[in-house]
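Since the structure comes first, as structure tokens, the remarks are kept for the end.
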Amino acid sequence: MANMETAEFETDLSLFKYDNLEQLPPRYRDLEENERTERIEAALAELGDDVVILGHNYQRREIVEHADFIGDSYQLSKQAAEADAEYVIFGGVTFMAESADIITDDDQSVILPSMEASCPMAGMAEALQVDSAWAEITAAASDDDIIPITYMNSYADLKAFCASQGGLVCTSSNAHKAFEYAFDKGDKVLFLPDKHLGENTAHRLGMEDEIAQWDPWNPEGKDAAEVADRDIILWDGYCQVHERFRVEHIEQVREDNPGAKVIVHPECRREVVEAADKAGSTATICETIAEADPGDTWAIGTEVHLTNHLQRWHPEVDVVPLCGDACMDCNAMRQIDPNYLTWVLEELAAGREHNVIEVAPEEKELAGVALDRMLEI
Ligand code: 13P
Ligand code: SF4
């Protein structure tokens with residue numbers, strides 16, 4: 001029988017969870033690139049080992065070129081765990097910086113240069129809303145143990161909720177392992193918030209007939225009989241950057257570039273992943289292009305900054321965006337502006353901290369359990 005208790009967490013329905021959000025001072029708004037680069041380098045030289053910069057693959061060129069480590073969500077959380085710098089500057093979005101704060105020691109500070117960098121998909125599964133859905137779902141499947149798994153793209157309070165119910169966190173590179181962990185412990189999985197990653201993982205495990213969907217915004221999208229009957233319940237969230245890709249884009253890119261191969265992120269729709277040659281996390285996409293033969297053509301179905309980086313990093317490979325000019329950048333990732341980076345670094349060099357992400361203590365411990373479970377699978 002599932003643990004029916006619902007945890008009580010302080011939670012905030014706003015995307016901007018942190019009330020210490022500070023905007024960029026006007027004197028930093030119009031910096032010219034050369035001057036800005038010099039100032040960033042000067043501040044970094046002064047700060048030395050006190051600072052490490054982590055940059056997600058979707059960050060702008062002007063951020064990743066200053067990063068000590070560039071990677072996918074999983075790699076960056078491992079780097080955060082290993083970092084011993086006093087300040088971890090996170091080039092990414094709020095949920096990634098929260099995870100870094102949870103994983104790092106108490107005497108380290110995690111700084112998200114612009115605290116408006118909030119992933120819309122993470123906002124599609126608020127802990128309060130999941131808490132009440134949990135009561136409905138566990139009642140619908142009262143004979144089964146349900147293990148909740150949340151994608152890394154979620155806030156700390158939801159990660160804490162999952163840990164409190166025996167669940168864990170996963171990223172796009174280890175979702176299948178998280179499902180296996182959960183099925184070892186229980187009968188069913190509730191996966192949040194990305195239905196596409198959930199569906200693609202169910203297919204990878206040969207469990208595609210076990211999928212039920214849970215749409216918290218639509219009374220008709222919550223079918224108790226289906227939940228009782230199936231083993232994988234998918235929350236109805238998605239990433240708008242990845243939902244945009246269609247099978248027709250793959251057909252078109254193959255027609256325009258004979259011999260081209262296609263790699264997409266598993267946040268894409270099921271039919272797109274099926275039609276592609278390969279699917280994987282942003283790290284897998286990077287490795288695939290790094291290992292390609294000169295002259296190969298690869299079309300990339302993910303956030304467009306990464307496609308642009310891959311074109312610069314591997315000029316010997318023909319790297320094309322899967323849907324041409326219609327490929328999107330991630331508005332949340334784009335909030336990390338290089339002017340913000342200059343500001344937070346110069347202020348740190350002057351002994352002042354801004355835009356520090358501090359997860360509430362009552363969430364931190366349990367969310368840490370959910371992250372540790374992921375790092376151990
Ligand atoms: P990765 O885990 O593949 O880096 O992806 C994170 C993300 O936000 C994808 O949209
Ligand atoms: Fe969130 Fe999508 Fe941006 Fe990734 S690309 S951070 S899932 S909005």
Side-chain angles (χ1 to χ4, degrees), residues 15 54-60 63-64 67 69-80 90-100 112 114-126 149-155 158-159 169-178 191-198 200-201 204 235-245 263-269 272-273 276 278-289 300-310 321-323 326-336 371 374-375 377:
L15 277 183
L54 305 182
H56 187 265
N57 288 318
Y58 293 163
Q59 288 286 289
R60 299 160 182 242
I63 302 296
V64 295
F69 300 100
I70 306 167
D72 71 359
S73 309
Y74 181 71
Q75 292 170 322
L76 293 182
S77 50
K78 289 200 85 162
Q79 288 297 343
F90 216 106
V93 288
T94 320
F95 70 79
M96 295 179 182
E98 279 189 333
S99 299
L112 186 65
S114 167
M115 298 234 284
E116 290 179 79
S118 287
C119 164
M121 178 160 70
M124 289 180 191
E126 295 283 358
I149 304 175
T150 185
Y151 189 22
M152 182 68 108
N153 301 32
S154 58
Y155 291 111
L158 181 55
K159 292 184 171 91
V169 174
C170 73
T171 69
S172 58
S173 62
N174 56 23
H176 61 290
K177 289 191 195 162
F191 184 70
L192 315 114
D194 185 7
K195 63 180 171 188
H196 297 304
L197 176 61
N200 287 319
T201 307
R204 181 167 175 172
W235 192 264
D236 198 0
Y238 59 89
C239 164
Q240 60 210 5
V241 175
H242 289 92
E243 265 217 337
R244 169 167 290 226
F245 296 107
I263 184 162
V264 299
H265 195 278
E267 285 177 20
C268 292
R269 298 162 187 268
V272 169
V273 168
K278 198 169 172 183
S281 76
T282 58
T284 303
I285 295 173
C286 292
E287 282 155 26
T288 301
I289 304 309
I300 314 285
T302 194
E303 202 271 351
V304 76
H305 280 102
L306 177 54
T307 310
N308 295 338
H309 298 327
L310 291 168
L322 180 54
C323 59
C327 281
M328 280 175 74
D329 64 353
C330 167
N331 189 38
M333 290 279 179
R334 186 153 43 87
Q335 299 301 321
I336 307 295
L371 282 162
M374 173 188 80
L375 292 169
I377 56 176

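Computation of the quantities below employed the complete heavy-atom set of this structure, encompassing side-chain atoms and omitting hydrogens, waters and symmetry-equivalent molecules. Just so it is clear, the model here is predicted, and its values are computed rather than measured. As the structure lists them, so they are numbered: ligands from 1, and atoms in each ligand from 1.
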Nearest heavy-atom pair of [X] and [Y]: which atoms, and what distance?
| X | Y | result |
| --- | --- | --- |
| Phe69 | Leu76 | O-CD2, 4.0 Å |
| Ile70 | Gln75 | O-OE1, 4.4 Å |
| Pro193 | Met121 | CG-O, 3.7 Å |
| Ala122 | Phe95 | CB-CD2, 4.2 Å |
| Met333 | Tyr58 | CG-CB, 3.8 Å |

**Q.** Whether His242 has an N, O or S atom under 2.8 Å from atom 2 (Fe) of ligand 2
**A.**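 His242 does not place any N, O or S atom closer than 2.8 Å to atom 2 (Fe) of ligand 2.
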Give me the residue, atom name and distance of the protein heavy atom closest to [atom].
| atom | answer |
| --- | --- |
| atom 5 (O) of ligand 1 | His265 NE2, 3.3 Å |
| atom 2 (O) of ligand 1 | Ser73 OG, 2.9 Å |
| atom 2 (Fe) of ligand 2 | Cys239 SG, 2.3 Å |
| atom 9 (C) of ligand 1 | Glu267 OE2, 2.9 Å |
| atom 3 (Fe) of ligand 2 | Cys330 SG, 2.3 Å |
| atom 7 (S) of ligand 2 | Asn153 ND2, 3.1 Å |

Please identify which atoms of ligand 1 are closer than 4.0 Å to at least one heavy atom of [X].
| X | value |
| --- | --- |
| Asp72 | 1 (P), 4 (O) |
| Ser281 | 3 (O) |
| His56 | 1 (P), 4 (O), 5 (O), 6 (C) |
| Ser172 | 1 (P), 2 (O), 3 (O) |
| Asn153 | 7 (C), 8 (O) |

Within the distance-only criterion (no hydrogens, no angle test), does the side chain of [X] pair as donor or acceptor with the backbone N or O of [Y] below 3.5 angstrom?
| X | Y | value |
| --- | --- | --- |
| Trp235 | Met124 | yes |
| Gln335 | Ala332 | no |
| Arg60 | Arg334 | yes |

Q: Using a cut-off of strictly less than 2.8 Å, determine whether Cys119 has an N/O/S atom near atom 1 (Fe) of ligand 2.
A: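 Cys119 does place an N, O or S atom closer than 2.8 Å to atom 1 (Fe) of ligand 2.
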Q | Passing candidate, side-chain hydrogen bond (donor to acceptor under 3.5 Å, both in side chains) with Thr282, options Thr171, Asn57, Thr302 | A |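 One option only clears the test, and that one is Asn57.
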Q: Among Ser118, Ser114, Ser99, find the one that has a side chain to side chain contact (heavy atoms under 4.5 Å, CB included) with Thr94.
A: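 When side chain to side chain contact (heavy atoms under 4.5 Å, CB included) is applied between Thr94 and each of Ser118, Ser114, Ser99, only Ser118 qualifies.
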Q) For ligand 2, is Glu267 a contact, meaning one of its heavy atoms is under 4.0 Å away? A)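 In this structure, Glu267 qualifies as a contact of ligand 2 - some heavy atom is under 4.0 Å.
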Q. At the 4.0 Å heavy-atom cut-off, does Pro120 count as touching ligand 2?
A.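 The answer is yes, since Pro120 has a heavy atom less than 4.0 Å from ligand 2.
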Q | Contact with ligand 1 for Gln75, non-hydrogen, under 4.0 angstrom | A |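 Outside the 4.0 Å threshold, so no.
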(Q) If the contact criterion is a heavy-atom separation under 4.0 Å, does Tyr74 count as touching ligand 1? (A)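 Under 4.0 Å: no for Tyr74.
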Q) Can Tyr74 and Ser172 be said to form a side-chain hydrogen bond (donor to acceptor under 3.5 Å, both in side chains), step by step? A) CA-CA 8 Å; Tyr74 181 71; Ser172 58; over 6 Å; no
Q: Classify the angle between the aromatic ring planes of His305 and His309 as parallel (below 30°), tilted (30 to 60°) or perpendicular (above 60°).
A: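 Judged by the thresholds at 30° and 60°, the geometry between His305 and His309 is tilted.
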(Q) Using a 4.0 Å heavy-atom cut-off, which part of Glu303 comes near ligand 2: side chain, backbone, both, or neither? (A)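 Looking at Glu303 and ligand 2, no heavy atom falls under 4.0 Å.
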(Q) Does only the side chain of Gln240 get under 4.0 Å from ligand 2, or the backbone, or both, or neither? Count heavy atoms. (A)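 Contact part for Gln240 vs ligand 2: neither.
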Q.
Could you tell me, atom by atom, which parts of ligand 2 come under 4.0 Å of a heavy atom of Met121?
A.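 Here the atoms of ligand 2 in question are 7 (S).
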